[in-house]
Amino acid sequence: AGHARADEIARLRRQQAALAAFGSYALGEADLAKILAEAARICAGSLNVPYCKICRYRSDENDLLVEAGIGWHDGVIGQVVSVADASTPQGRAFTTKQPVICEDLRHDTSYVLPAFYHEHGVVSTIDVPIQSMDGTPYGVLEIDSQTQQDYDEHDIAFLTGFANIVAEAVNTSHR
């Protein structure tokens with residue numbers, strides 16, 4: 001048990017350092033597209049998953065557009081959308097303003113998944129909402145894995161920290 005505890009502490013320290021480094025990066029970078037791409041890269045790497053995406057809510061279409069990401073095939077970023085309702089993990093996180101954990105999508109029948117989940121072999125996912133302090137919704141930050149994962153409150157806290165920095169970067173870029 002001691003070795004597992006040491007691994008957990010090391011993982012949390014790496015995540016804390018990654019979050020601090022990203023915050024510094026985001027404060028110094030004016031290009032929102034670069035900030036979103038870097039957030040996706042660091043989140044995927046820090047949680048040791050192949051995929052991460054940031055979806056932007058489009059009110060006219062009532063959907064979530066994949067605005068940035070890492071690991072996805074061509075044709076996903078900037079093109080793939082999902083409806084902004086409870087039928088998808090990202091839609092559920094967006095509409096409820098609460099994190100959504102799906103440890104095994106193969107056995108969770110409460111979702112109607114967009115095709116790219118199956119095309120990429122996504123099994124586990126976490127979605128956290130991205131919204132500014134004034135409550136304005138931007139979208140969702142999602143990590144995805146091809147293997148079943150047991151995510152915990154530390155993973156949610158880590159991703160929520162990233163989502164909060166992204167929300168501030170969005171606010172700053174719109175001023």
field: Ion pair check, Asp104 and Arg106, cut-off under 4.0 Å
entry: yes
field: Rounded distance (nearest 0.5 Å) linking atom CD1 of Ile54 with atom CD of Glu67
entry: 9.0 Å
- prompt: How far does CD of Glu103 sit from OG1 of Thr125, to the nearest 0.5 angstrom?
  reply: 11.5 Å
task: May I ask you to check whether Gln90 and Ser82 show a side-chain donor-acceptor distance below 3.5 Å?
output: yes
- request: Salt-bridge test for Arg92 and Asp127: reply yes if a basic N is under 4.0 Å from a carboxylate O, no otherwise.
  value: no
message: Ring-plane angle category for Tyr51 and Trp72, please: parallel below 30°, perpendicular beyond 60°, tilted otherwise.
response: parallel
- request: Please answer whether the main-chain N or O of Cys43 pairs with a side-chain N or O of Ser46 as donor and acceptor at a distance below 3.5 Å.
  value: no
query: With no hydrogens and no angle check, is any side-chain donor or acceptor of Gln149 less than 3.5 Å from a backbone partner on Tyr151?
result: no
- request: Using a 4.5 Å cut-off on heavy atoms from C-beta on, say whether the side chain of Leu36 contacts that of Arg56.
  value: no
- prompt: Going by heavy atoms in the side chains, are Cys102 and Tyr111 under 4.5 Å from each other?
  reply: yes
Side-chain donor/acceptor pairs under 3.5 Å, residues 153-161, sequence neighbours excluded:
from	atom 1	to	atom 2	distance (Å)
Asp155	OD1	Arg11	NH1	2.7
Asp155	OD2	Asp152	N	3.0
Thr160	OG1	Ile156	O	2.8

- prompt: From Leu65 CG over to Asp63 CG, what is the distance, rounded to the nearest 0.5 angstrom?
  reply: 6.5 Å
Heavy-atom side-chain proximity of Val122 to Phe116 below 4.5 angstrom: no
